[in-house]
Amino acid sequence: MSTTTPARSNPLARIDWDYIEFYVGNAKQAAHYYMSAFGFEQVAYAGPETGVKNRCSYVLAQNKLRFVLTASLLPDDEIARHVLLHGDGVKDVAILVEDARAAYEMAIAGGARSVLAPTESRDEHGRIVKATIATYGDTVHSFVQRDGYTGAFMPGFIAERRSIAGAKAPQLQFVDHCVGNVGWGEMDAWGDFYARVFGFSQLVSFDDNDISTEYTALKSKVMTDPRHQVKFPINEPAEGKKKSQIEEYLDFYRGAGVQHIAIRTDDIVATIDALKANGVEFLDTPESYYEMLEDRVGAIDEALDVLRARRILVDRDDQGYMLQIFTKPLQDRPTVFFEIIQRKGSLSFGKGNFKALFVSIEKEQAKRGTL
Ligand code: FE2
């Protein structure tokens, strides 16, 4: 960065999602799953064929979504150890910034631990500056400064386009929010972390009175950037009669990590139909939910039987309503999953759906013997 760039008071005031990187056991097969089931297209690749000796990375894209699937080629490196401990999971929730050095310096000044100091890389398509800090568990945030970079992803990657013929296109648009699960009593500290390190503010919080069933409970607070572009809800388990779903996650993931990624769609009914045709499995919703729905949310554009047939959830706040549904876990361990969300005015997170959702999750937990 040249010294003539004017200092900004908050280098994280104008940010967006850049990519989400998963560390997985077999990136080739994982890439095939996300392409065939979720309609992604592969756009870039790094591996031995491109001069990278220790790993393979597949970059998948769909509208404004970008996922990177990375697997180690070694028996014992940082990636292999991450997969050994956590199973397949999210490593890096990367943030697009205007000035990666300034973002990194603000984060470090706020108490973040450095993983990668600002590093510039170049190829014939331009340059990228990237810096990385640690967050909860073994999860990290990279700050990515692109400066009009025109390559497929980053220096070190080659453009390689591939898609699965016959996979239905669900038209997933962009990340709405990305949720972290942290340990008992740690939610407030991580909320403070995002306030200090990112300059985020708290959008909303829920306690165990909001988010509990007869058996299990959790607490949650949502941290957001000033433009509400990047939202990080943070959950911790709460005491209930039985094991919290957050505790189950922490047991299987062996610590804190990303619980779910909420993905926006403009047409949830068409999206869910496409995903189901591709074989994606969703959590069920109790039938009783739909008997009470009209009274709870009032008039909506969608026909009730259309939503009921797809088990789509609806919630309303004073600004509008939203529709959402949750996939089953995306890998063997009951850890990370997706939410599909369509917003019609509402900025909320589906508080009115928590109970129905958790009854459904508890049924799945009971099957696993972890309730
Ligand atoms: Fe969510």
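These figures come from a predicted structure and were not determined experimentally. Just so you know, ligand 1 is whichever comes first in the structure, and atom 1 is the first atom listed for that ligand.
For the residue pair Tyr149/Asp123, the side-chain donor-acceptor check at 3.5 Å is satisfied.
A salt bridge links Glu120 to Arg122: at least one charged side-chain nitrogen sits closer than 4.0 Å to a carboxylate oxygen.
Both cation-pi conditions hold for Arg343 and Phe349: the charged atom is under 6.0 angstrom from the six-membered ring centre and inside a 45 degree cone around its axis.
Under the 4.5 Å side-chain heavy-atom criterion for ILVMFWY residues, a single connected hydrophobic cluster contains both Ile340 and Tyr289.
Protein contacts to the Fe ion (ligand 1) involving N, O or S atoms at a distance below 2.8 Å are His177 NE2, His260 NE2, Glu339 OE1.
For the pair Lys363 and Leu283, the minimum side-chain heavy-atom distance is 4.5 Å or more.
Not counting sequence neighbours, the partners of Lys168 by the side-chain contact (heavy atoms from CB on, under 4.5 Å) test are Ala274, Ala277, Asn278.
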